[in-house]
Colleague: 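I'd like to ask you about the structure that follows.
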Amino acid sequence: MEREPEQLTKRSRPLMWAPSVLALAMMLMLLWLGGDYLFERAARTAIPALPELGRRTAAVREQVATADAQARQRPRSPETLGTLGMVYHANALHEQARTAYQLAIHADPDDFRWPYYLAVLEITGGENERALTFLTRAVELNPQYPHAWARLGEMYFRRGLLQEAREAFGKTLKLAPHHPHATLGVARLAGLDANWQEAVRLLENALRANPRFGPAHNYLAVAYEQLGRIEDMRRHEGRGVDAGFQMDDPLMDELYALSSTGSILVIQAKIVQNLGNYERAEKLLRRAAELAPEDKDVRLALGRFLSTPGFANRERLARAKEQLEAGLEIDPTYVNTRDAYASVLYQLGDISAAQAQWQQVLTEEPGHAMALMSLGQIYYQHYRDYEQARDYYRRGVNVPPDTPYSLGDPGLGYHRLAMAHWALGDTQEALDAFRLAVEKNSRLSEAYADQARLLVELGRTDEALAVYEQGLTRNPDDSEIRLALGQYLLQAKRFPEARAQLERAWALRPKSPNAALQTLVALAFVELQSREVDAAIKHLRTALRIDPNHVRAHHYLGNALSAKGRRAEAIQHYEAALRADPTFQPAREALARVRGE
Amino acid sequence: MAKRRPAFSPLLITPIILIGVPLAMLAYEVRRTGLSYGDVLARIARQSQEGEAQEVQAGFGKAEKIDFLGPQPIGFPPRGHEKPTIAHVAIYDLDQDGLKDVLVCDVLHRRVTWIRQDPANVYTETQIGDEVAGPAHVEAYDMDFDGDLDVLVSSMGVILPNNDRIGKAIIFENDGQQNFTTHVLAQRIARVNDMRPGDLDGDGDIDIAVGQFGYDQGEIRWMENKGNWHFESHTLLNLSGTIHTPVVDLDNDGDLDIVALVSQEWEEVYAFENDGKGSFKTRLLYGVADADFGSSGIGLADLDADGDTDILWANGDAFVATDYRPVPSHGVQWLENCGGMNFVFHRLGDFPGAYDPCAADLDGDGDLDVLAVSGFNYWERPGSQSMMWWENLGEHKFVGRNLAEAPTHLITCDVADMNGDGKIDVVTGSMNLYPPFDRMGRVTLWLNTWNESRNN
């Protein structure tokens, strides 16, 4: 009897422990699940509440709502939290972006993207201390990302921590040897040490890699001024685009590619266009147009972009026309769109339609200088009605500055007015207007060249030479002024001087194919006059690669080959000249001569 | 005697698990998130209070609008198609008749005008002095100690970007009857944006701090008064983009220092610390590492009422780079003077196209609020503000409130009690440089009706 309870206990012990273990396991599981649920809820609560989006477009509302829902579904996922931050950031909802990035950092402290994005956000909001903290963290996590080092270097530089700045810029340049911002940073450090030669060397290199990097032009002008090289300073003065310390930064590209806000995409496109990245600008603008088809500003921006002079072809112009027509449908009274539309029609060769559009612009805004100048150009160039052209030009240059539609470049306006005066035989008015043109815009090479041509025509050659000299003093690297001077010297039979100017003009790389052709043909003519036939042949062959149908190039090449005794080849080129222009008499005569007719 | 069993009975294990597991999870969460124990617990606590509903908040630091400023145009009405282009307004009692007047820089008509209040609440505008190209800033001060207010005019030549040396520093000398004689102190210099009077060398006469925006090449100089309207220039800094150069005793040492805002790619606030004799030590107070920040103006005030001068700072410039489109980072901030020329940056809030921040007790509660206007906003979008204020809640806390949507294109403002009712009123100026032009203003007086508005 005494053993029975013990036996019972022994027998029943496993049975007693089994439910206990099971209960414990269940309790553990419940506790874990409960805790997990609580923490998940807590993480979800930390996600920023949806901001007021009533005035945002449907695309933004939908994008934010989706990113927010995904983050709430997986509130402890760094990827969904970080993406939420990026969506907020890309749509200029900065406070929410800041919170989301912080949560992403907490969720994954080892991913450098989130502190990097947060640092950029803090930089644009002026919060240097916070930016520095996050940038430092970003480069610790990923020391291979050059743009983070470049931004860090800039932060240090601005805080006067020069050694740290030097190191950060150095690390950038190790990773990306031509990084423009880091090169600029090192050049500024050299400038602080008064080592202006080194600053110049660095900045000239930076500009070779990226000729549109505005801050480098600005600082190079300062460096040259310090070295007393005023002509070089002038070459860079005023060439800095008025925006853009922004970097060509793949992570920021990813961020802005997420934006659904048309205006932000347009601004971003403008900034990257200023930096010379046209491809990216176009992508951003296309996205803007897809997301905000009813935004007239987006239509205008894309239309203007597609018709950018020097970048447009017929196909792009046709697309620009479509965009601007859509813009005018949205708001037919918006003169900016109508002006851009008229400009596209003009480029497409529909002159009368362009004229009608510009006249409509003037009914809305009588002080629209660009419309006035454009109408002047139509009358000057297409109708040869110089009186009417002059009238429009006069009205254009008289639009007061600092008004919404005043001339961006009054120098150009005065140059056109001068040409109209000249065409009408009012030479004194023309000379006065030319003087005003170069006074308003000292870089306007065609104004110097045309003014000098007029003076030559008037027999005032000394004054003409003085104008050329003035133009070259102000713009020593202007190939077009040198070309015009070379052509003048050629006419004056001052061949060695002409050759010097034309060779320099060619070395400076003429801005347009037409200027390049003129330079080469003039150079070839000089060489032929100097019996340097081989040199002439070389220049003419280069010219014909630019324009295979250039009449004079074929003619001179015929002359050169004939002089070398290569009769058959000479005949081919004379014939080519005549195919291009059957009325070109010198080639016909030369051909007859060579054939012995 | 039976051997005593170990104490690990289920009764003991259960509380260990009940406490240990949550603690372990807490520790895991702390490690995973990088937050402190307190923060994690706070999150859980907050969650239990707020629930899971996705509530909508009204944007950071912003609260509902209170209508307490009634606008009325004053001065010349715009003519025909013209778009008023006002660069600056400043409130002074120019004729010292006890009624506040307004000085105006009218860029479109190349003139400085005086909107005289006489009699009370009746405003009449007249041009003063000679024609001025691109008048950017105007100040009134008795420069020659003859008891009347002379007028300092900063001339840019052209307001829109230009690198030519077409700036002028001008003073209109007042004969006491508001007839003015023009003195050009300097000309053919980088475009002049600001001139502020003060005895900078302690010799008893009034010198001038001059900010020259230029474009690629600008500078900051002080002009030493040599008597008889002759001034000698001393360069302080060679940087483009200077906007404002106010004069104040920033370090409370009894002499006048110069504060300067330099925009363009620099985006920096400088102090030129005076030794009292006109020797200045350059100090960079704060620089933003974003070259597209778009600084647009500074104002001075003891915002936190601690006895020193703080600096209000707006960034909202959108003239050219983005074809007049505001950048998302535009807004208003202040630099808190912590003594010893140390300043701490505080962002007040976002405000597209923010310009001309100034401090005033707009709600009459005894502390200084912050007012700013917008020169560049998406005016066609409903809700785009042309004026905002940040109500001072004390302890460095401010809440932004919308003030007005029209007139649009406000680029300058000044504050004073214009009608003598004890409340701070506002005067604004519009620079209408880009469309739309359907809600244009020129010079607008905004009378403060705080108590009436609140009672209603």
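Computed from a predicted model, the values in this text were never measured in an experiment. Within every chain, numbering begins at 1; the chains are lettered A, B, ... in the order of the sequence lines, protein sequences first and strands thereafter.
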Colleague: Using distance alone, with no hydrogens and no angle criterion, decide if B/E82 and B/H109 have a side-chain donor and acceptor under 3.5 Å apart.
Modeller: yes

Colleague: For B/I159, does its backbone N or O pair with a side-chain atom of B/R191 as donor and acceptor, under 3.5 Å?
Modeller: yes

Colleague: Spell out, as yes or no, whether a donor-acceptor pair under 3.5 Å connects the side chain of A/R130 to the backbone of A/E122.
Modeller: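 No, the answer is negative, given that no donor and acceptor are paired below the 3.5 Å cut-off.
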
Colleague: Taking B/P435, B/P436, B/G287, B/G134 one by one, which has the highest count of heavy-atom pairs under 4.5 Å against chain A?
Modeller: B/P435

Colleague: What part of B/E268 lies closer than 4.5 angstrom to a heavy atom of chain A: side chain, backbone, both or neither?
Modeller: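 B/E268 touches chain A through side-chain heavy atoms alone.
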
Colleague: Between A/H181 and A/F213, is the ring centre distance below 6.0 Å?
Modeller: yes

Colleague: Does any heavy atom of chain A fall under 4.5 Å from the side chain of B/N432, the backbone, both, or neither of them?
Modeller: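 Contact with chain A involves the backbone of B/N432 alone.
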
Colleague: Which atoms of A/R304 are under 4.5 Å from chain B, going by heavy atoms: the side chain, the backbone, both sets, or neither?
Modeller: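 Just its side chain gets close to chain B.
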
Colleague: Counting heavy-atom pairs closer than 4.5 Å to chain B, which one of A/D297, A/T403, A/V335, A/N336 comes out on top?
Modeller: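 Most heavy-atom pairs under 4.5 Å with chain B: A/D297.
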
Colleague: For A/Y405 and B/F437, take the angle between the two ring planes, folded into 0 to 90°, and tell me which bin it lands in: parallel under 30, tilted 30 to 60, perpendicular over 60.
Modeller: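 Taking B/F437 first and then A/Y405, their aromatic rings stand perpendicular (interplane angle over 60°).
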
Colleague: Against chain A, work out which of B/R381, B/H330, B/Q333 has the most heavy-atom pairs shorter than 4.5 Å and name it.
Modeller: B/R381

Colleague: Taking A/P401, A/A92, A/S263, A/G125 one by one, which has the highest count of heavy-atom pairs under 4.5 Å against chain B?
Modeller: A/S263

Colleague: Less than 4.5 Å to any heavy atom of chain B: does that hold for the side chain of A/D409, its backbone, both, or neither?
Modeller: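 Neither part; nothing is under 4.5 Å.
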
Colleague: With sequence neighbours excluded, tell me which residues meet ring pair (Phe, Tyr, Trp, His ring centres under 6.0 Å) with B/W313.
Modeller: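 Per chain and number, B/W313 pairs via ring pair (Phe, Tyr, Trp, His ring centres under 6.0 Å) with B/F293.
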
Colleague: Chain B: which of A/N128, A/V266, A/I123 shares the most heavy-atom pairs with it under 4.5 Å?
Modeller: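 Option with the greatest count: A/N128.
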
Colleague: Taking atom types as modelled, find out whether B/S295 and B/W266 have a side-chain donor-acceptor pair closer than 3.5 angstrom.
Modeller: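 No, no side-chain donor-acceptor pair sits under 3.5 Å.
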
Colleague: May I ask you to name which of A/K440, A/E129, A/M155, A/K296 has the most heavy-atom pairs under 4.5 Å with chain B?
Modeller: A/K296

Colleague: Go through the atoms of A/E364 and report whether side chain, backbone, both or neither lie under 4.5 Å from a heavy atom of chain B.
Modeller: backbone

Colleague: Between B/V107 and chain A, with a heavy-atom cut-off of 4.5 Å, which part of the residue counts as in contact: side chain, backbone, both or neither?
Modeller: side chain

Colleague: Measure distances from A/F157 to the heavy atoms of chain B and classify the residue's part below 4.5 Å as side chain, backbone, both or neither.
Modeller: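 Neither; nothing under 4.5 Å.
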
Colleague: Could I get the full list of side chain to side chain contact (heavy atoms under 4.5 Å, CB included) partners for B/E405, not counting sequence neighbours?
Modeller: B/Q385

Colleague: Heavy atoms only, distances under 4.5 angstrom: which of B/H346, B/H81, B/E267 has the most pairs with chain A? Name it, please.
Modeller: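 That would be B/H81.
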
Colleague: May I ask you to check whether B/F343 and B/Y286 place their ring centres under 6.0 Å from each other?
Modeller: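 B/Y286 vs B/F343: aromatic centres not under 6.0 Å.
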
